[in-house]
Protein chains: 2
Amino acid sequence: MAEQPDYYVKSAEKTLAVLLAFDAGHQALTVTQVAEAISVSRAAARRFLLTLVDLGYLETDGNAYRQTPRVLDIGASYLSGLTLPQVARPHLQQLAVELSETTALCVLDDQDILYVERISNPRLHSMNVSIGNRLPAWATSMGRVLVAELPEAAREEFLSKARLTHYTAKTVASIDELRAELDTVRAQGWSLVAQELDEGLRGLAVPVYRGKQLLGALNVSVQPGRIGSASITEEMLPLMRRTAQDIADDFGGRTAARN
Amino acid sequence: MAEQPDYYVKSAEKTLAVLLAFDAGHQALTVTQVAEAISVSRAAARRFLLTLVDLGYLETDGNAYRQTPRVLDIGASYLSGLTLPQVARPHLQQLAVELSETTALCVLDDQDILYVERISNPRLHSMNVSIGNRLPAWATSMGRVLVAELPEAAREEFLSKARLTHYTAKTVASIDELRAELDTVRAQGWSLVAQELDEGLRGLAVPVYRGKQLLGALNVSVQPGRIGSASITEEMLPLMRRTAQDIADDFGGRTAARN
DNA sequence: TACAACTGTACGCAATACGCACAATAGGCC
DNA sequence: GGCCTATTGTGCGTATTGCGTACAGTTGTA
């Protein structure tokens, strides 16, 4: 697909490909399965697998390979730095307490939203997403906020690549319908998505802006028991906007302090 | 250091080394800094950095490089599978509610404990650890449980490599003192560590066993306001042991269902 | 302006990593 | 049990990949 400039290190791509071959549906893989999954020879797959075992990122019973917890190291450095999730956590916690709901922060990565921080209310059993998880952007409140705020060209490119799936009866049906919804979201500055991805689940999201830079989107999952949409936005939006502002200020202040 | 068998793919090691060079203290690195950090030539570091930018794991302003949220992908597959953290989460949530405290699950990785799941109580501002973070095993309640349950030889190897740091006035002072403490922990089946890593922080941990296999350690952070040690263990231990058992049962049942 | 300390880039060379081909092993079926 | 298929481990010659030097461009400071 992509061009391969002369500085390109193919082995780096393969290394990551091997690690990513172990996705949610494929916990344990054999040499042959990995070779097929990432389109390399069996010998090559084996070399990479054995190397990653040596490095401690994979383990094997002699036949199948699986990831070890050490793979978490790679993302942990991102989470622990003075990055957005780290800065946002206390604010998301405060908001989670004030609203007694689950709060989350996402960024846009290609066609997906990527959870970078999430404070779940242990009292509720909410959706089983954790940090690093992806959801299709078009079907989520955070995704719609993030796409709506994109420049026109990028937004249209997103729409052209979007693959709408009919999750529930309320899921948006067409690209045109989605485009109209995005216009509304951009105009009002927030998005409420009700039961489009999952029955009985409503998400309310606002953008997190630092000046003109869009840092991410902030979300509150609204439990089914809660009152109607009108009062939800009335009640929650001001607090969410204040939280978004707090995160942005804090992020700018702290990162500016570093050189 | 380590031998390099003839199947070894050096580039795989370098790829991971580059990604890990961006640790908590080094958010943004230049080509030269990376080259120094992982002991490769500047040209090599540049090739890997540019490749990782192409792959979307790093971004650059033309000078410094930093990680993108996409690095979370690598660990996300581990977290989402039918692995320990995924299975443990609902049980940790329930326990967090019952005790109104923060709960966590760790595994041992070398000399460190590695957080694989954590349910923080938003009402408390507890220590700022997140999934994938490491803490020195010898100084934590979970670490002591995990090391105590190790076979004799492995336990002694751990002790021989341990580097004790004097965190607080209450920190254990010598290897012999630590060895005695581990004996106690093994005998009683739990560990309470009070203010050894951080003032005002107490952790209580029990092992999570599935049959004879040690899956990990379960922890409750005890807030300072709580009553004395005796009643803490009396009150909390039964619930923690029940949770550990639930996790183990659930883990075995679900993973056995897969082939 | 000159210097220092960075950067980006090209290119010849060596070693790395490739993938074929064969051997060995494991499982399924009559 | 014995045959067959499918999958795995491994050695080896070779092409390619990735190496690092060397040079040129860029930025910032004295």
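Numbers restart at 1 for each chain; the letters A, B, ... are given by sequence-line order, proteins then strands.
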Could you go step by step and tell me if B:Ile247 and B:Leu218 meet the side chain to side chain contact (heavy atoms under 4.5 Å, CB included) rule?
-> CA-CA 10 Å; B:Ile247 292 171; B:Leu218 184 154; 3.8 Å; yes
So, is A:Arg46 near the phosphate of D:dG9, with a side-chain N or O under 4.0 Å from OP1 or OP2?
-> yes
Rounded to the Å, how far apart are A:Leu50 CG and D:dG11 C1'?
-> 15 Å
Is it true that a side-chain atom of B:Arg186 and a backbone atom of B:Glu149 form a donor plus acceptor pair closer than 3.5 Å?
-> no
Does A:Asn63 offer a backbone N or O that forms a donor-acceptor pair with the side chain of A:Asp61 under 3.5 Å?
-> yes
So how far is it from A:Phe251 CZ to A:Arg210 CZ, rounded to the nearest 0.5 Å?
-> 8.5 Å
Would you say B:Ser77's side chain and B:Ile74's backbone share a donor-acceptor pair under 3.5 angstrom?
-> yes
Between B:Arg155 and B:Glu152, does at least one N-O distance fall below 4.0 Å, as a salt bridge requires?
-> yes
Give a yes or no on whether a donor-acceptor pair under 3.5 Å exists between the nucleobase atoms of C:dG8, that is its base, and the side chain of B:Arg42.
-> yes
Between CG of B:Asn63 and P of C:dG8 the distance, given in whole Å, is 7 Å
Expected output: side-chain A:Arg134 to main-chain A:Ile113 donor-acceptor under 3.5 Å = no
To the nearest angstrom, how far is A:Glu36 atom CD from D:dT7 atom C1'?
-> 11 Å
Name the closest nucleotide to the B:Thr32 side chain, picking from C:dG8, C:dC6, C:dC20.
-> C:dC6
Kindly give the atom pairs (protein nitrogen or oxygen, nucleotide nitrogen or oxygen) under 3.5 Å for nucleotides 16-18 of chain D.
| unit_1 | atom_1 | unit_2 | atom_2 | d |
| --- | --- | --- | --- | --- |
| D:dT17 | OP1 | A:Lys10 | NZ | 3.1 |
| D:dG18 | OP1 | A:Lys10 | N | 3.1 |
| D:dG18 | OP1 | A:Ser11 | N | 2.9 |
| D:dG18 | OP1 | A:Ser11 | OG | 2.8 |
| D:dG18 | OP2 | A:Tyr8 | O | 3.3 |
| D:dG18 | OP2 | A:Lys10 | N | 3.2 |

Separation of B:Ile38 atom CD1 from D:dG20 atom C1', in whole Å?
-> 15 Å
The helix from C:dG8-D:dC23 to C:dC30-D:dG1: angle between end helix axes, five pairs per end, rounded to 10 degrees | 40°
Do any N or O atoms from the side chain of A:Gln27 and from the backbone of A:Arg66 form a donor-acceptor pair under 3.5 angstrom?
-> no
